[in-house]
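Below is one structure, written out as C-alpha coordinates, with a few remarks after it.
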Amino acid sequence: QVQLVESGGGLVHTGGSLRLSCAASGRTSSNYDMAWFRQAPGKEREFVTAISWSDSSTYYTDSVRGRFTISRDNAKSTVYLQMNSLKPEDTAVYYCAAKSAAYLSGSYYYTRRYDYHSWGQGTQVSVSS
(Lines give C-alpha, C1' and ligand atoms only; values in the text may rest on other atoms or scores of the structure.)
Protein backbone atom coordinates (compact mmCIF):
# COMPACT_ATOMS: atom_id res chain seq x y z
CA GLN A 1 0.00 0.00 0.00
CA VAL A 2 0.96 3.60 -0.47
CA GLN A 3 0.52 6.32 2.13
CA LEU A 4 -0.86 9.70 1.03
CA VAL A 5 -0.61 13.08 2.74
CA GLU A 6 -2.46 16.13 1.44
CA SER A 7 -1.54 19.75 2.05
CA GLY A 8 -2.39 23.19 0.76
CA GLY A 9 -5.96 23.66 1.88
CA GLY A 10 -7.23 26.89 3.38
CA LEU A 11 -9.75 29.71 3.27
CA VAL A 12 -10.09 31.90 0.19
CA HIS A 13 -12.62 34.34 -1.21
CA THR A 14 -14.75 33.62 -4.24
CA GLY A 15 -12.61 33.79 -7.36
CA GLY A 16 -9.43 32.93 -5.51
CA SER A 17 -6.98 30.10 -6.09
CA LEU A 18 -5.42 27.29 -4.11
CA ARG A 19 -2.94 24.57 -4.94
CA LEU A 20 -3.27 21.24 -3.19
CA SER A 21 -0.45 18.73 -3.00
CA CYS A 22 -0.54 15.00 -2.30
CA ALA A 23 2.72 13.36 -1.34
CA ALA A 24 2.98 9.58 -1.61
CA SER A 25 5.26 7.36 0.44
CA GLY A 26 5.67 3.65 0.94
CA ARG A 27 5.27 1.52 -2.17
CA THR A 28 5.83 4.40 -4.56
CA SER A 29 7.66 2.10 -6.97
CA SER A 30 4.31 0.69 -8.01
CA ASN A 31 2.22 2.30 -10.70
CA TYR A 32 -0.79 4.22 -9.49
CA ASP A 33 -3.61 6.16 -11.01
CA MET A 34 -4.27 9.17 -8.79
CA ALA A 35 -7.41 11.16 -8.07
CA TRP A 36 -8.93 13.88 -5.96
CA PHE A 37 -12.33 13.47 -4.34
CA ARG A 38 -14.17 15.91 -2.10
CA GLN A 39 -16.82 15.71 0.57
CA ALA A 40 -18.99 18.61 1.67
CA PRO A 41 -20.89 18.55 4.98
CA GLY A 42 -23.90 16.28 4.78
CA LYS A 43 -23.00 15.02 1.33
CA GLU A 44 -21.37 11.91 -0.07
CA ARG A 45 -17.77 11.90 -1.19
CA GLU A 46 -17.64 12.78 -4.88
CA PHE A 47 -15.15 12.47 -7.70
CA VAL A 48 -13.35 15.66 -8.72
CA THR A 49 -10.50 14.72 -11.04
CA ALA A 50 -8.06 11.92 -11.87
CA ILE A 51 -4.81 11.40 -13.74
CA SER A 52 -3.69 8.11 -15.19
CA TRP A 53 -0.31 6.50 -14.64
CA SER A 54 0.02 5.17 -18.18
CA ASP A 55 -0.13 8.39 -20.19
CA SER A 56 -1.21 11.09 -17.71
CA SER A 57 -4.66 11.32 -19.24
CA THR A 58 -6.88 13.52 -17.11
CA TYR A 59 -10.54 13.34 -16.18
CA TYR A 60 -12.71 16.00 -14.54
CA THR A 61 -16.18 16.26 -13.19
CA ASP A 62 -18.18 18.81 -15.15
CA SER A 63 -18.44 21.35 -12.32
CA VAL A 64 -14.67 21.89 -12.15
CA ARG A 65 -13.62 21.43 -15.76
CA GLY A 66 -11.82 24.54 -16.99
CA ARG A 67 -11.14 25.76 -13.45
CA PHE A 68 -9.17 22.90 -11.86
CA THR A 69 -6.03 21.22 -13.18
CA ILE A 70 -4.55 17.96 -11.96
CA SER A 71 -0.90 17.13 -12.57
CA ARG A 72 1.70 14.70 -11.28
CA ASP A 73 5.44 14.66 -10.74
CA ASN A 74 6.41 11.00 -10.62
CA ALA A 75 10.00 11.80 -9.64
CA LYS A 76 8.66 13.46 -6.49
CA SER A 77 5.79 10.99 -6.00
CA THR A 78 3.48 13.97 -5.77
CA VAL A 79 0.16 14.90 -7.33
CA TYR A 80 -1.12 18.46 -7.50
CA LEU A 81 -4.51 20.07 -7.83
CA GLN A 82 -4.49 23.67 -9.02
CA MET A 83 -7.86 25.24 -8.26
CA ASN A 84 -8.73 28.57 -9.85
CA SER A 85 -11.90 30.68 -9.90
CA LEU A 86 -13.05 29.02 -6.71
CA LYS A 87 -16.72 29.16 -5.77
CA PRO A 88 -18.49 28.69 -2.43
CA GLU A 89 -19.84 25.36 -3.70
CA ASP A 90 -16.24 24.09 -3.92
CA THR A 91 -16.09 24.17 -0.12
CA ALA A 92 -15.32 20.64 1.09
CA VAL A 93 -12.68 18.35 2.50
CA TYR A 94 -10.49 17.28 -0.40
CA TYR A 95 -9.06 13.77 -0.40
CA CYS A 96 -6.23 12.36 -2.46
CA ALA A 97 -6.65 8.74 -3.56
CA ALA A 98 -4.61 6.08 -5.34
CA LYS A 99 -5.38 2.83 -7.13
CA SER A 100 -3.39 0.36 -9.14
CA ALA A 101 -2.87 1.59 -12.68
CA ALA A 102 -5.65 0.59 -15.04
CA TYR A 103 -3.78 1.05 -18.34
CA LEU A 104 -7.16 1.76 -19.89
CA SER A 105 -8.83 4.80 -21.41
CA GLY A 106 -12.19 6.16 -20.43
CA SER A 107 -13.53 7.93 -17.38
CA TYR A 108 -15.30 4.76 -16.20
CA TYR A 109 -11.97 3.40 -14.98
CA TYR A 110 -10.99 6.48 -13.01
CA THR A 111 -14.08 8.06 -11.46
CA ARG A 112 -15.43 5.31 -9.22
CA ARG A 113 -14.71 5.91 -5.55
CA TYR A 114 -14.61 2.24 -4.57
CA ASP A 115 -11.83 1.43 -7.03
CA TYR A 116 -9.36 3.47 -4.96
CA HIS A 117 -7.57 1.57 -2.23
CA SER A 118 -5.43 4.24 -0.59
CA TRP A 119 -6.66 7.54 0.80
CA GLY A 120 -5.16 10.56 2.48
CA GLN A 121 -6.53 12.16 5.60
CA GLY A 122 -8.05 15.10 3.72
CA THR A 123 -7.47 18.83 3.64
CA GLN A 124 -10.15 21.48 4.17
CA VAL A 125 -10.91 23.97 1.41
CA SER A 126 -13.29 26.78 2.32
CA VAL A 127 -14.46 29.44 -0.12
CA SER A 128 -16.25 32.47 1.27
CA SER A 129 -18.77 34.47 -0.74
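Positions are given from 1 along the sequence.
- Nearest heavy-atom pair, Ala98 versus Val2, reported as atom, atom and distance to 0.1 Å: CB-CG1, 3.9 Å.
- Cluster annotation: Leu86 is not connected to Tyr80 through the hydrophobic network of ILVMFWY side chains, with a link wherever side-chain heavy atoms come within less than 4.5 Å.
- Neither side chain, Ser52 nor Asp33, offers a donor N or O lying under 3.5 Å from an acceptor on the other.
- Annotation: cation-pi geometry not satisfied between Arg113 and Tyr116 (NZ/CZ under 6.0 angstrom from ring centroid, within 45° of ring axis).
- The closest side-chain heavy-atom distance from Gln3 to Val5 is not below 4.5 Å.
- Between atom OG1 of residue Thr49 and atom OH of residue Tyr94 there is a gap of 11.0 Å, rounded to the nearest 0.5 Å.
- Looking at Thr14, its side chain does come within 3.5 Å of a backbone N or O of Ser128 through a donor-acceptor pair.
- Contact between Met83 and Leu20 at its shortest, heavy atoms only, is CE-CG, 3.8 Å.
- Residue Leu4 comes nearest to Gln121 through the heavy atom pair O-OE1, 3.8 Å, listed as atom of the first residue, atom of the second, then distance.
- Two different hydrophobic clusters hold Tyr109 and Val79 under the rule that ILVMFWY side chains link at heavy-atom gaps under 4.5 Å.
- Phe68 and Leu11 fall into different hydrophobic clusters, where Ile, Leu, Val, Met, Phe, Trp and Tyr side chains are chained together by heavy-atom contacts under 4.5 Å.
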Candidate pair Glu46 and Arg38, rule side chain to side chain contact (heavy atoms under 4.5 Å, CB included), full reasoning: CA-CA 5 Å; Glu46 65 173 358; Arg38 66 186 180 187; 2.7 Å; yes
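- In this structure a side-chain-to-backbone donor-acceptor pair under 3.5 Å is present from Glu6 to Gly122.
- Annotation: cation-pi geometry not satisfied between Lys99 and Tyr114 (NZ/CZ under 6.0 angstrom from ring centroid, within 45° of ring axis).
- Panel note: side chain Tyr32, backbone Trp53; no donor-acceptor pair is recorded below 3.5 Å.
- A chain of hydrophobic side-chain contacts below 4.5 Å, direct or via other Ile, Leu, Val, Met, Phe, Trp or Tyr residues, connects Val127 to Val64.
- In this structure, Tyr60 contributes its side chain and Ile70 its backbone to a donor-acceptor pair below 3.5 Å.
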Step-by-step side chain to side chain contact (heavy atoms under 4.5 Å, CB included) determination, Arg72 to Ser56: CA-CA 8 Å; Arg72 65 191 301 163; Ser56 293; 4.1 Å; yes
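- When all heavy atoms of Ser17 and Ser85 are compared, the closest pair comes out as OG-N, 4.4 Å.
- Contact record, Lys76 with Thr78: O-OG1, 2.8 Å, taken as the closest heavy-atom pair.
- Using a 4.5 Å cut-off between side-chain heavy atoms of Ile, Leu, Val, Met, Phe, Trp and Tyr, with links allowed through other members, Trp119 and Ile51 fall into different hydrophobic clusters.
- Pairing each heavy atom of Tyr59 with each of Tyr110, the nearest pair is CE1-CD1, 3.4 Å.
- To the nearest 0.5 Å, the span separating CE on Met34 from CG on Leu81 amounts to 11.5 Å.
- Side-chain atoms of Ser126 never come within 3.5 Å of backbone atoms of Thr91 as a donor-acceptor pair (strictly under, hydrogens ignored).
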Lys87 vs Asp90, salt bridge (charged side-chain N to carboxylate O under 4.0 Å, His left out): CA-CA, chis, key distance, verdict: CA-CA 5 Å; Lys87 305 175 180 180; Asp90 295 317; over 6 Å; no
Trace of the side chain to side chain contact (heavy atoms under 4.5 Å, CB included) decision for Cys96 with Trp36: CA-CA 5 Å; Cys96 179; Trp36 290 93; 4.0 Å; yes
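- Between the His117 side chain and the Gln1 main chain, no donor and acceptor come within less than 3.5 Å of each other.
- The number of heavy-atom neighbours closer than 6.0 Å to OH of Tyr108, taken from other residues, nucleotides and ligands shown, is 12 or below.
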